[in-house]
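Take a look at the structure below.
Values reported hereafter were calculated over all heavy atoms of this structure, with side chains retained and with hydrogens, waters and symmetry mates removed. What you see is a predicted model, and the numbers here were worked out from it, not measured in a lab.
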Amino acid sequence: MKKKRTLIIIMVALLLTGLPAGILGTKAYGATEFFRVFSQTDEGGQISGYRLFPEEDENKTSVVYCYNHDLSQPPVYGSQRPYPYYTKEGYLNNSADYLHTEGGKNRIAAVLFAGYDVDGCGFQSKYKVSPEKAEKDTQEAVWALQKGDTFDYLQPENYGDALLHYADTSGYFGSDVAMTVEGDLQLVQRDGQWTTAPLKIASTYGGLIQFPALPAGYQAVDTEGDPITGIHANESFSIRYTGSGTPSSETILNLTYKTGDVEFYKQILPETYAGERGETSSVLRPESQQIYQDFIRMNVSHKQLQMKITAEPTQPETPAEDVSPSEPTPKAPIKTLDPQDPAATTTTDTPKEGTVHPVHTPKTGDHSETTALACLLFALACVTMIKLSLGQVKSKH
């Protein structure tokens with residue numbers, strides 16, 4: 001009986017362990033992530049921008065922009081009255097009515113890409129504006145496009161106009177834009193310099209493509225031959241090697257560029273937040289029912305594009321002497337010495353290991369017959385002397 005009771009207790013404990021925590025009385029907040037905002041102020045104490053952060057991490061902040069111009073700006077975290085909470089949603093592919101804008105969502109996305117703090121086109125350095133000024137102008141551009149304001153200008157003359165001009169002429173190209181390097185990536189000596197042929201990056205990308213840190217001796221140059229640190233898609237440029245000696249046979253160059261996804265942060269009703277937190281809406285004050293502006297931002301991604309630059313160093317050409325370039329230079333024939341040929345010349349073959357090749361020195365005239373006769377007479381004389389010697393020996397015995 002005790003064994004059965006112990007077994008039952010163990011089974012109940014295992015079942016309780018596997019139950020969700022909320023059933024056991026612990027709060028379960030659900031899967032929704034909540035965000036809050038706090039404000040940035042200028043020297044005069046006026047709100048100059050907002051920073052968004054996750055509810056559980058006040059140090060993880062992001063630049064955000066108010067979306068609905070005709071609604072009130074929200075109270076911020078740390079104020080005396082209740083502050084609203086926000087949940088994250090998609091934007092460009094979100095068809096919710098509250099995201100409707102007269103100026104077009106794609107144009108707003110373009111402003112977020114070109115504006116502060118993504119600065120995808122390099123406008124901040126081009127127009128020499130401070131971060132505070134850039135953030136303020138970006139907010140004004142978002143509001144203007146959300147309301148549907150129209151603009152009549154030909155060329156941007158300042159940072160704010162540049163943002164709106166870019167939105168009108170380019171729009172946002174998306175976060176998964178394709179890029180292809182076109183042109184011959186081989187370094188060749190041209191006018192005494194190692195340079196590639198004209199190159200370009202074919203793409204619908206509308207931002208700045210940068211050369212952040214090229215290997216020593218390598219430069220990106222424009223069509224005039226001047227060094228550059230960045231280009232736009234479909235613009236012509238070249239890679240030049242100015243280092244000592246010859247370039248490596250293969251060098252990888254890394255180009256960087258930015259893309260991003262637009263995120264929308266929708267204010268939620270108090271009862272929605274309270275329900276998710278396992279609380280009641282009565283803990284929130286009545287004024288928190290007011291609908292404030294929502295927020296929007298671009299979550300930037302830093303990406304790389306690689307180019308493989310090759311080089312095949314060539315040896316300096318040696319000029320040929322009185323030989324047609326279309327015909328190979330004839331080699332002198334190696335003659336075999338003929339004793340009968342009085343015009344024969346001395347030749348020396350390369351000896352193989354372990355063998356000795358004689359060097360023949362020809363003489364003037366032909367004495368081969370005389371030499372043979374002398375050798376024959378000498379041999380007969382030797383034979384005669386041997387026979388005589390043998391005869392003398394026999395006679396003694």
Side-chain angles (χ1 to χ4, degrees), residues 32-35 37 49-52 62-74 84-124 134-153 156 159-179 203-208 232-233 257-269 272 291-303:
T32 303
E33 185 177 14
F34 296 100
F35 297 85
V37 296
Y50 285 91
R51 300 292 181 269
L52 180 102
S62 304
V63 175
V64 289
Y65 292 97
C66 294
Y67 188 74
N68 323 88
H69 179 271
D70 296 334
L71 297 180
S72 301
Q73 289 182 301
Y85 287 86
Y86 299 85
T87 56
K88 181 171 66 176
E89 301 179 4
Y91 181 68
L92 290 175
N93 297 322
N94 191 338
S95 59
D97 292 340
Y98 51 79
L99 295 177
H100 174 72
T101 170
E102 296 295 334
K105 292 193 292 185
N106 189 268
R107 295 170 72 206
I108 291 179
V111 164
L112 293 173
F113 172 77
Y116 184 80
D117 61 335
V118 177
D119 195 32
C121 299
F123 288 161
Q124 194 170 332
E135 184 171 2
K136 179 180 179 181
D137 286 356
T138 303
Q139 178 64 81
E140 294 293 336
V142 170
W143 274 334
L145 292 176
Q146 196 274 331
K147 290 188 298 178
D149 292 348
T150 58
F151 309 93
D152 184 17
Y153 50 82
Y159 182 82
D161 285 351
L163 296 180
L164 295 171
H165 180 265
Y166 177 78
D168 279 346
T169 58
S170 298
Y172 187 54
F173 43 81
S175 58
D176 296 323
V177 62
M179 292 188 180
S203 178
T204 58
Y205 182 74
L208 185 65
H232 292 89
Y257 63 100
K258 300 175 183 177
T259 65
D261 294 311
V262 182
E263 298 173 346
F264 188 81
Y265 293 85
K266 176 67 178 172
Q267 181 195 349
I268 63 171
L269 297 174
T272 302
I291 301 300
Y292 299 102
Q293 292 195 56
D294 299 314
F295 288 94
I296 193 169
R297 68 180 290 261
M298 176 166 284
N299 183 19
V300 66
S301 298
H302 299 268
K303 298 185 178 181

- Looking at Tyr91, is Lys105 sitting on its ring face, NZ or CZ under 6.0 Å from the six-membered ring centre and within 45 degrees of the normal?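 Because its charged atom sits under 6.0 Å from the ring centre and within 45° of the axis, Lys105 does stack over Tyr91.
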
Would you please test Phe113 and Cys121 for side chain to side chain contact (heavy atoms under 4.5 Å, CB included) and show each step? CA-CA 8 Å; Phe113 172 77; Cys121 299; 4.0 Å; yes

For the student: nearest non-hydrogen atoms of [X] and [Y], plus distance:
| X | Y | result |
| --- | --- | --- |
| Ala109 | Val262 | CB-CG2, 3.7 Å |
| Tyr98 | Glu89 | OH-OE1, 2.6 Å |
| Ala110 | Gly171 | CB-C, 3.6 Å |

Could you list the residues that satisfy side-chain contact (heavy atoms from CB on, under 4.5 Å) with Ala134, not counting sequence neighbours?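 Only Tyr116, Gln124, Val129, Tyr159 meet the side-chain contact (heavy atoms from CB on, under 4.5 Å) criterion with Ala134.
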
Query - Those residues that, when tested against Ser175, pass side-chain contact (heavy atoms from CB on, under 4.5 Å) (two or more places apart) - result: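 side-chain contact (heavy atoms from CB on, under 4.5 Å) check on Ser175 returns Tyr172, Thr259, Asp261.
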
Between Tyr50 and Gln293, is there a side-chain donor-acceptor contact under 3.5 Å, judged purely by atom types and distance?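 No pair is found: no donor N or O on one side chain lies under 3.5 Å from an acceptor on the other.
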
_Between Ser203 and Ala178 (side chain of the first, backbone of the second, donor and acceptor by atom type, cut-off under 3.5 Å), is there such a pair?_
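Yes; judged by distance alone, with no hydrogens or angles, the pair exists.
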
Next on the checklist: Can you tell me how far apart OG1 (Thr101) and CZ (Arg107) are? Round to the nearest 0.5 Å.
Outcome noted: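 With rounding to 0.5 Å, OG1 (Thr101) is 8.5 Å from CZ (Arg107).
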
Donor-acceptor pairs under 3.5 Å, side chain of residues 295-302 to any protein atom, not counting sequence neighbours: which ones?
unit_1 : atom_1 : unit_2 : atom_2 : d
Arg297 : NH1    : Glu263 : OE1    : 2.8
Asn299 : ND2    : Glu263 : OE2    : 3.4

Check: Heavy atoms, side chains only, cut-off 4.5 Å: are Phe34 and Thr87 in contact?
Finding: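 Side chain of Phe34 against side chain of Thr87, heavy atoms only: contact under 4.5 Å found.
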
Would you please test Leu164 and Leu145 for side chain to side chain contact (heavy atoms under 4.5 Å, CB included) and show each step?
CA-CA 8 Å; Leu164 295 171; Leu145 292 176; 4.1 Å; yes

